Amino acid sequence: DKGVKCIDYSQVCDLINDCDDKSDEKMCSNHFQCTDSSNYIPVEGKCDGHFDCSDFSDECNADCSKQILEGPELKISSWIIGIIAVAANLIVVLNSFGS
């Protein structure tokens, strides 16, 4: 019984480190572990637009970046900015020919 601790099954994957080695939370799919801490947050908290981890790892990661880049808001904004830039350059060029 060297350091072995029995816990109730209800304590496994409950977002609380009940074992000193975090073994009751390591292989769980219902949560996300913050990168530079031992904190766990519900998996729904990852990429939800709110910083739940003190190191921001729940929002600043490859998965969340992919969601942002593939989202319609960024694509539409990029197209609008591009169209405005082209129009502004055309105005400058046409004005320089007129002078």
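Sequential numbering from 1 along the given sequence is applied to the chain's residues. Computed from a prediction, not measured in an experiment: that's the story for all the values here.
Here the CG-CD1 distance, from L74 to I81, works out to 8.5 Å after rounding to the nearest 0.5 Å. With values rounded to the nearest 0.5 angstrom, C19 atom SG is found 4.0 Å from I7 atom CD1. To the nearest 0.5 Å, atom SG of residue C53 and atom CG of residue D36 are 8.5 Å apart. Once rounded to the nearest 0.5 Å, the distance linking CG of L94 with CG of N89 reads 10.5 Å. The distance from the CD1 atom of I16 to the NE2 atom of H31 is 11.5 Å, given to the nearest 0.5 Å. A distance of 10.5 Å separates CG in N39 from CG in D52, rounded to the nearest 0.5 Å.
If you chain together ILVMFWY residues whose side-chain heavy atoms come under 4.5 Å of each other, F32 ends up grouped with I41. Here L15 sits in one hydrophobic cluster together with Y40; the rule is ILVMFWY side chains under 4.5 Å apart, joined directly or through other members.
Residues forming a side chain to side chain contact (heavy atoms under 4.5 Å, CB included) with S77 (at least two apart in sequence, or on another chain): none.
When side chains are defined from C-beta on, D18 counts as touching Q11, because their heavy atoms get closer than 4.5 Å. Under the 4.5 Å side-chain criterion, counting only non-hydrogen atoms from C-beta, K46 is in contact with N61. C34 has its side chain out of reach of F56: every pair of non-hydrogen atoms, C-beta onward, lies at least 4.5 Å apart. Within the 4.5 Å cutoff, no side-chain heavy atoms of Q33 are placed close to those of E25.
Remark: side-chain polar atoms of E59 are not paired, donor with acceptor, to backbone N or O of F51 under 3.5 angstrom.
D14 and D24 make their closest contact through OD1-OD2, 4.4 Å (heavy atoms, listed as atom of the first residue, atom of the second, distance).
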